[in-house]
Every structure is written in C-alpha cells, then in structure tokens.
Amino acid sequence: MPTRSHHVSGLVVVGAGLAGCEAAWQAARRGMSVSLYEMKPERFSPAHHLPDFAELVCSNSLRSNSRANAVGLLKEEMRRLGSLVIAAADECAVPAGKALAVDRVAFARRVTEAIESEPLIEVRRETVERIPRADAVILATGPLTAPELARELRALLGEYLYFYDAISPIVYADSIDHDVAFRASRYDPGEGDYLNLPLTEGEYRAFVDALVSAETVPLHRFEATLYFEGCLPIEEMARRGRDTLAYGPMKPVGLLDPRSGNRPAAVVQLRQEDKQGVLYNLVGFQTKLRIGEQKRVLRGLPGLSKAVFARFGSVHRNTYINAPKRLLPTLELRARPGLYIAGQLAGVEGYVESAALGLLAGVDAAFKLRGERLPLPADTTAHGALLRYLMSADPRNFQPMNINFGLFPAFSGLPRRLPKRAKNERLAARALEALAPYAERVSAPPE
C-alpha cells in the first residue's frame with residue numbers, strides 16, 4: 001500500500017464507496033491514471049458485508065427524484081455532469097413512488113463492473129493505514145474510516161468529529177401479512193409503490209410504549225450519544241414525545257385504509273429493496289435495539305406478527321471532519337493542498353450528497369493534475385450550495401447536513417406568497433441554468 005515514504009504518480013483514491021467510485025470515475029474519464037484502494041474483502045467495517053463497491057448500508061433509497069426537492073435537483077445536476085452513481089441507480093431502480101430507490105445488490109455490482117472495466121483505474125484491494133503520498137489524494141473512506149487511517153487524520157488535523165447513525169431492519173415480503181398491508185403512496189392515486197401497515201390509536205400507543213421500554217445496545221462509556229437529527233433511531237424519536245412518530249416516519253397523512261376508508265392513526269411504510277420484490281425495508285425504522293428486542297417489538301406491529309428478518313437494524317459511529325475549519329472550497333485540506341476529503345467524511349449526510357462531493361473532488365483533481373485551474377460551481381446550483389454550507393457553517397457547532405433549499409442563496413424578486421413548490425421549482429430552474437457553464441467547462445471527452 002502507499003505510505004508517506006513512497007510517492008505514487010497520478011491520483012490515489014482511498015475508499016470505493018459512492019464518493020470514491022464517483023471520484024475515480026470522473027478523474028479517469030478526464031484522462032487521469034487512478035489508483036483506487038478498497039479494504040474489502042480483506043477487511044469489512046461493522047456495517048458492510050458485500051464485497052462489491054458502492055455498498056448501500058442504511059437504506060436502498062436515494063430519496064426524491066423531483067426537481068422541486070433539493071436532493072432531486074442534486075441528482076439531476078449529477079446526471080448532467082455524467083455521474084456514474086446516478087446512472088447506475090437509474091439502471092437499477094425499483095418501484096418507490098416519487099423517490100429513486102434501487103436494488104442495492106444489483107446497484108453495487110453495476111458500479112463495481114464499471115470501475116473494474118475502466119482501463120485508467122487500477123483497483124487495489126488492500127487496507128490503507130496511512131495517508132498516501134501522491135500527486136493528488138482523495139480520501140473517501142466514508143463514515144466508517146478504518147481506525148488506523150482515522151487516527152492519522154486526527155493527528156494531522158488535531159481533531160475529528162463523529163455522530164451515531166442507525167440502519168433500518170429488512171423483512172421478507174412473504175412474511176408480511178398481506179391481509180393487513182395495503183399498497184399505496186402518500187397522496188398518489190392508484191396502487192402505489194409502498195406497503196402500508198395501518199395502526200389504530202391504541203395499537204400506536206402500545207407500540208410507542210414498547211419502543212421506549214425496550215433494551216438498546218449500549219454505547220462505550222467514553223462515547224457521547226451524538227445522533228444526526230435526520231437519521232435518529234426510532235426509539236430515540238419515541239422518547240421525545242408520544243406523538244413524535246405519528247408526525248414523523250409513521251405519519252398517516254395522504255393514506256386511507258381501504259378496509260375502512262378512513263385515515264389510520266399511524267402507518268408503517270415498507271419500501272421494496274430488490275427488483276424481485278423479495279425484501280422490504282421498514283422506512284424510517286433505523287434502530288439500535290438489541291436483536292431480540294427488535295423481534296419482539298416489531299412483531300407486535302399489525303401485519304408483522306410472523307415477520308422474518310433478512311437484516312436487523314444496527315448502530316455505528318460516523319466519522320467526519322470540521323469542514324468549515326479545515327477544508328478549502330475545492331475540498332482540499334487547508335493544511336495539505338492536494339489532499340482532498342470527499343463524501344460523508346467531509347461533513348455531508350446522505351448517499352447522493354456523498355457521491356456529489358466525490359464527483360467534485362474527482363473533477364477538480366483531474367484538472368489540477370493537468371495544471372489547469374477549475375472554477376467552482378455557482379452557489380445557486382445544488383453542488384455549489386453544498387460547498388457553500390461546508391465553507392460557511394459555524395465551526396463551533398458543525399454537523400453533517402443533507403442538501404436542502406435552505407442552503408441556497410435567496411432568490412430576489414420572487415412573490416412573497418408564492419407556494420413552496422412553485423418557489424422550489426424556480427430555484428431548481430435557476431440552478432440548472434447556472435450549472436450549464438460549469439458542466440460545459442468540465443465535460444469529459446466522448447467515449
């Protein structure tokens with residue numbers, strides 16, 4: 001593996017997750033020689049189990065596909081910039097209403113095949129324990145960076161940060177009671193893409209009581225319980241108030257139980273995991289309950305009394321750096337230009353956001369290695385808004401963030417009472433217009 005005493009020519013990318021694969025792909029498409037290091041299958045993190053690259057851990061959803069939603073806009077920008085991750089996701093999509101969800105096994109295989117077949121990318125399946133010395137380096141080791149490399153990064157920066165992230169259980173479709181479950185998407189006419197388990201008021205209250213009294217996996221005594229607000233364990237949400245879940249992942253709005261014609265008190269939504277429809281993910285049910293408690297509590301839900309689990313929920317620690325304090329707008333470390341930080345390690349949350357930073361880092365590194373200076377995407381684009389947040393957030397209380405329209409510069413001249421969706425559509429149109437010159441400047445040569 002590369003060490004500080006051995007200089008490697010070209011670009012080194014460490015980590016073959018979403019950000020690392022996107023970065024390597026973008027640089028190679030622009031003629032750069034790339035060495036891509038991935039520790040699997042030599043070593044697996046606590047949350048990974050597939051040998052392929054770009055493994056999706058927390059969910060199979062890349063969230064909304066609508067341009068009136070900030071993450072949908074970000075995906076559209078990535079399509080226009082030639083993203084490998086989004087192209088693979090589009091190819092491996094499964095039904096998910098207005099969201100883009102994928103068969104995660106097929107998706108990982110598709111990305112792996114693309115990377116391994118690219119002649120300018122040399123794949124090295126080995127663990128990198130020290131920051132490599134190379135013409136340019138992109139660290140895209142994700143929130144579960146190997147301890148040895150995390151320690152070296154901490155020594156370089158004098159600090160790193162973390163929070164806890166949890167993943168949702170997956171059940172087999174044939175173990176769901178389909179006499180209870182009904183198929184629908186919120187507000188959408190027709191059959192819909194989600195399975196829904198309706199709860200009465202009494203069933204909902206009993207579920208909340210079971211959650212808050214269930215035993216969880218303890219954290220180490222020296223570790224603080226710092227959760228990302230957008231991915232709280234369901235039991236943590238339940239402890240915040242008896243109605244929290246009914247206004248969160250279990251909200252029944254836009255859904256009617258076909259048996260009664262009425263809106264239930266709460267619902268559990270299940271999203272298809274694979275193209276065959278064998279597996280279903282409990283949407284928003286990320287948890288750190290013990291496995292025995294997950295079986296007991298979740299089988300107490302209507303329609304899941306005989307649930308067979310393909311995967312239980314779990315909790316893991318996510319590592320990220322203090323981006324506004326440590327990063328340049330190019331995603332290079334202030335302390336070491338030429339060393340890029342991409343993906344969740346840079347301080348964003350979400351699959352799409354992580355891949356987007358990989359895209360930006362890979363393109364910038366390719367231009368820098370050619371001796372060319374590359375302008376940044378405009379703040380009014382979704383990519384630019386992410387960079388803007390990383391550079392301008394308060395370093396005293398920095399926390400990873402999903403893309404949202406609140407990160408975009410204000411749009412002057414909009415009517416004050418313009419509906420939210422219409423406003424977002426205007427912001428999206430402005431973003432795509434502003435992206436055009438950047439996309440033209442960075443466009444890869446045709447194959």
Side-chain angles (χ1 to χ4, degrees), residues 1-38 53 78 80-85 111 114-124 126 128 130-141 149 152-153 156 321 323 326-343 345-346 354-377 383-384 386-387 390-391 435 437-447:
M1 72 188 70
T3 67
R4 288 180 295 184
S5 60
H6 175 62
H7 188 94
V8 178
S9 298
L11 173 64
V12 170
V13 179
V14 185
L18 298 177
C21 287
E22 191 69 67
W25 178 261
Q26 296 297 332
R29 291 289 294 116
R30 287 159 181 82
M32 292 299 110
S33 174
V34 182
S35 298
L36 175 62
Y37 286 78
E38 169 54 49
F53 303 154
M78 294 176 71
R80 298 186 182 199
L81 294 172
S83 166
L84 169 64
V85 165
V111 173
I115 292 294
E116 291 182 334
S117 63
E118 168 53 58
L120 287 176
I121 299 177
E122 178 191 13
V123 174
R124 303 288 297 274
E126 55 189 88
V128 174
R130 310 189 72 176
I131 298 173
R133 285 181 57 88
D135 297 334
V137 176
I138 297 176
L139 291 185
T141 46
L149 190 58
E152 176 148 332
L153 185 59
L156 174 64
I321 70 169
R326 301 299 181 184
L327 289 184
L328 295 168
T330 57
L331 299 176
E332 296 170 276
L333 283 178
R334 296 178 183 274
R336 188 179 296 181
L339 176 56
Y340 295 79
I341 308 294
L345 188 60
S354 298
L357 291 196
L359 187 155
L360 291 173
V363 171
D364 192 86
F367 273 74
K368 178 160 286 189
L369 288 171
R370 290 205 305 247
E372 300 179 45
R373 184 175 180 179
L374 179 66
L376 298 173
H383 284 80
L386 271 181
L387 291 177
L390 293 179
M391 297 304 107
L435 182 74
Y438 177 80
E440 182 178 359
R441 176 75 178 88
V442 307
S443 59
E447 295 186 41

Do Gln26 and Met32 make a side-chain contact, defined as non-hydrogen atoms from C-beta onward lying under 4.5 Å apart? no
For the pair Glu22 (side chain) and Val85 (backbone), establish whether a donor and an acceptor sit closer than 3.5 Å, ignoring hydrogens and angles. yes
For Glu440, does the CD atom sit with more than 12 other heavy atoms under 6.0 Å from it, leaving out its own atoms? no
Within a strict 4.5 Å, meaning less than it, do heavy atoms of the Thr141 and Leu153 side chains meet? no
For Val363 and Tyr438, run side-chain contact (heavy atoms from CB on, under 4.5 Å): C-alpha distance rounded to whole Å, both residues' side-chain angles, the deciding distance at 0.1 Å, then the answer. CA-CA 11 Å; Val363 171; Tyr438 177 80; 4.2 Å; yes
Heavy-atom closest contact (Glu332 atom, Pro337 atom, distance): OE2-C, 3.6 Å
Heavy-atom nearest pair, Leu120 first then Ala28, reads CD1-O, 3.4 Å
Rounded to the nearest 0.5 Å, what's the gap from CG on Leu327 to CG on Leu387? Could you check? 9.5 Å
With rounding to the nearest 0.5 Å, note down the distance linking CG in Leu11 to OG in Ser35. 8.0 Å
Please examine the side chains of Ile121 and Val13, heavy atoms only from C-beta on, and report whether any two atoms are closer than 4.5 Å. no
From Arg373 atom CZ to Lys368 atom NZ, the distance as rounded to the nearest 0.5 Å: 9.5 Å
Show the nearest heavy-atom pair for residues Ala136 and Leu369, with the distance to one decimal. CB-CD2, 4.1 Å
For Ala114 against Trp25, the heavy-atom pair lying closest together: O-CZ3, 3.6 Å
Measuring from atom CG of Leu360 to atom CG of Leu81, what distance do you get when rounded to the nearest 0.5 angstrom? 8.0 Å
4.5 Å side-chain heavy-atom contact, Leu333 and Ile321: yes
Applying side-chain contact (heavy atoms from CB on, under 4.5 Å), run through Arg326 and Ile341 and close with a yes or a no. CA-CA 10 Å; Arg326 301 299 181 184; Ile341 308 294; over 6 Å; no
Let's go through Glu372 and Arg441 carefully: what are the C-alpha distance in whole Å and the side-chain angles of both, what is the deciding distance for side-chain contact (heavy atoms from CB on, under 4.5 Å) to 0.1 Å, and is it a yes or a no? CA-CA 11 Å; Glu372 300 179 45; Arg441 176 75 178 88; 3.6 Å; yes
Donor-acceptor contact present, side-chain Arg370 to main-chain Arg30, <3.5 Å: yes
Take Leu84 and Arg29, measure what side-chain contact (heavy atoms from CB on, under 4.5 Å) needs, and give me the verdict at the end. CA-CA 10 Å; Leu84 169 64; Arg29 291 289 294 116; over 6 Å; no
Roughly how far apart are Leu18 CG and Leu357 CG, rounded to 0.5 Å? 11.5 Å
For Ala439 against Arg80, the heavy-atom pair lying closest together: CB-O, 4.4 Å
How long is the gap from CG on Leu339 to CZ on Arg334, to the nearest 0.5 Å? 14.0 Å
How far apart are the closest heavy atoms of Phe53 and Leu36, and which atoms are they? CE1-CD2, 4.4 Å
